[in-house]
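In what follows, a single structure is set out as structure tokens and then discussed.
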Amino acid sequence: MTQQKSNKAALYILMFNMFIAMGSIGIIIPVMPEYLKIFGAAGQVLGMLIATFALAQFVFSPIAGNLSDQYGRKNLIIFGLIVTGLAQIGFGLATDVWMLFLARFLGGLGSAFVAPPIMAFVADVTTYEERGKGMGMLGAAMSLGFMIGPGIGGFLAKVSLHFPFFTAGAAAIVASILSYFLLPSTKPNTAQQKQKQDNLAKQMARSIHMPYFVMLIIMLVFSFGIANFQTTLSLFVTEKFNYTPVDIAIILVVGGAFGVVVQMFIITPLFNRYGEMKVVLVNLFIASVAIFLILFVSGFALILVVATIFSTATTLIRPAVNTLISKLAEKEQGFAAGLNNAYMSLGNMIGPALAGLLFDWNMNSPYIFGSIILLACFFLALIWTVKKAPHLMHPDTK
């Protein structure tokens with residue numbers, strides 16, 4: 001097998017792993033409002049559970065990224081998938097709220113050892129020119145997981161509210177077994193091997209001096225903003241319109257489907273024609289408008305349209321930011337991917353916790369606040385680009 005074919009095969013396996021990892025998360029989304037009622041919990045607990053998951057991601061993502069530079073990507077991905085699977089099964093077996101929090105923390109740890117090594121692996125097997133396409137395909141796998149996951153979750157919930165968690169756990173463990181046999185090993189970065197591993201605080205401090213630091217801030221603020229929508233949407237439509245898990249699943253599946261189509265067939269031409277930064281700016285603005293409009297629409301069709309617009313915009317932003325960071329990271333792909341995931345996790349940690357509190361206070365407030373945050377992120381990105389990096393407003397010709 002030629003190196004090119006080997007790299008292409010590796011990319012498909014990485015996409016499958018990301019699909020399973022994200023699908024195992026998406027599968028539980030439509031079930032959560034009803035599942036938490038078993039424990040007498042609501043919006044605040046849901047927000048804190050998501051924040052706990054993100055906390056573990058934040059703590060362990062830079063560590064996982066650095067380790068993948070030192071020791072290779074494959075073993076870390078396998079470890080992360082196993083931990084993710086066991087955490088999902090543990091969540092389904094929980095009998096008390098503290099067990100839910102423990103399972104979510106372990107799930108975040110597992111995710112931290114999956115996403116950064118996979119993103120770094122994609123950088124390993126793609127050229128500089130193909131990086132955007134590779135990240136777009138990876139983003140499509142993520143969106144596909146989120147798209148199919150909720151649909152499966154809504155269907156499996158008819159068997160039992162616990163059953164989706166067991167299915168998600170089993171799928172992640174199966175993915176780890178397939179990865180062991182099918183995923184090629186990569187050579188560790190020997191220069192990174194010789195370096196002493198920095199702790200989290202030092203890595204975050206070091207990130208300030210990276211050329212992609214502002215992109216990390218954009219990822220942080222962007223993740224914080226969309227968490228207000230994603231965390232409370234199922235609760236919002238359940239309380240306001242009495243939607244069922246199947247209704248919620250349909251909304252998420254349709255939005256995810258558009259995201260997959262865009263990332264598979266449209267994102268590369270967009271990057272080539274306008275550049276990644278213009279894609280980020282336009283879709284930050286669209287997302288800020290869409291999240292605000294959700295408050296003023298009623299009827300399943302209109303809610304579906306607005307939620308789909310929001311979902312499509314956000315699925316374009318992530319691979320664009322990921323691509324810009326990867327292009328600026330040079331040989332420290334694992335380190336950069338770990339930081340990227342850490343900043344994203346920090347936003348995912350603070351956003352859901354605040355969104356849950358805001359929802360319990362007033363169910364409209366997370367969407368107003370989320371819209372403001374996304375609009376602020378748009379202006380931050382625009383001002384920085386115009387003043388510090390105007391070349392990013394044009395397609396990369398390197």
Side-chain angles (χ1 to χ4, degrees), residues 47-48 50-66 108 111-112 115-116 119-120 135 139 142 198 200-231 276-277 279-281 283-288 291 310 313-329 332 334-358 366 369-385 387-389 392:
M48 293 303 294
I50 296 173
T52 299
F53 184 94
L55 171 63
Q57 279 189 315
F58 169 68
V59 172
F60 292 104
S61 287
I63 297 172
N66 247 2
S111 178
M119 286 192 289
M135 291 297 178
M142 295 175 68
D198 290 334
L200 176 61
K202 288 183 178 179
Q203 290 188 55
M204 296 300 287
R206 184 183 166 197
S207 71
I208 297 173
H209 305 289
M210 295 294 104
Y212 47 81
F213 174 65
V214 171
M215 302 310 302
L216 295 174
I217 296 299
I218 292 171
M219 179 60 78
L220 165 65
V221 179
F222 158 69
S223 300
F224 178 84
I226 67 170
N228 288 273
F229 180 88
Q230 294 175 331
T231 301
E276 292 87 358
M277 183 53 75
V279 172
V280 170
L281 291 170
N283 286 284
L284 277 173
F285 185 79
I286 292 173
S288 70
I291 194 174
F310 179 85
T314 55
T315 55
L316 281 168
I317 295 170
R318 288 192 191 278
V321 173
N322 291 344
T323 301
L324 287 169
I325 291 174
S326 179
K327 286 182 175 180
L328 294 168
E332 294 188 316
F335 177 76
L339 283 176
N340 186 13
N341 213 47
Y343 274 83
M344 179 185 69
S345 301
L346 189 59
N348 288 341
M349 178 174 60
I350 301 171
L354 181 58
L357 290 171
L358 289 172
F369 189 65
S371 179
I372 293 171
I373 289 295
L374 287 170
L375 196 59
C377 188
F378 164 79
F379 284 112
L380 168 68
L382 178 62
I383 293 170
W384 176 80
T385 304
K387 289 188 174 182
K388 301 293 184 180
L392 293 180

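If you're wondering where the values come from, they're calculated on a predicted model, not measured in any experiment.
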Checklist outcome for this item: One should read off an interatomic distance between Leu382 CG and Lys387 NZ, to the nearest 0.5 angstrom, of 10.5 Å
Item to check | Exam field: side chain Ser371 to backbone Ser288, donor-acceptor pair closer than 3.5 Å | outcome: yes
Checklist entry - What's the shortest heavy-atom distance between Asn322 and Asn340, and which atoms? => result OD1-ND2, 2.6 Å
Item to check | Partner of Leu284 by side chain to side chain contact (heavy atoms under 4.5 Å, CB included), out of Ile317, Val221, Thr314 | outcome: Ile317
Checklist entry - Taking atom CZ of Phe213 as the centre, does the number of heavy atoms from other residues, nucleotides or ligands within less than 6.0 Å exceed 12? => result yes
Item to check | For Ser111 against Phe53, the heavy-atom pair lying closest together | outcome: CB-CZ, 3.7 Å
Checklist entry - Which distance, rounded to the nearest 0.5 Å, do you find between the CG of Leu324 and the CE of Met219? => result 10.0 Å
Checklist outcome for this item: Closest non-hydrogen contact found for Ala112 with Ala64 is O-CB, 3.2 Å
Checklist outcome for this item: Separation between CE (Met277) and OG1 (Thr385), nearest 0.5 Å, reads 3.5 Å
Checklist entry - Hey, does Leu374 have a side-chain heavy atom less than 4.5 Å from the side chain of Phe310? => result yes
Item to check | Smallest separation among heavy atoms of Leu358 and Pro366, with atom names | outcome: CB-CG, 3.9 Å
Next on the checklist: Is the shortest side-chain heavy-atom distance between Leu354 and Phe369 below 4.5 Å?
Outcome noted: yes
Checklist entry - Roughly how far apart are Leu380 CG and Ile218 CD1, rounded to 0.5 Å? => result 5.5 Å
Item to check | Heavy-atom check, side chain of Leu220 versus side chain of Leu216, under 4.5 Å | outcome: no
Next on the checklist: Please give me the minimum heavy-atom distance between Ala313 and Ile286, naming the atom from each residue.
Outcome noted: CB-CG2, 4.0 Å
Next on the checklist: Quick check for you: to the nearest 0.5 Å, what is the distance between Met119 atom CE and Ile325 atom CD1?
Outcome noted: 8.0 Å
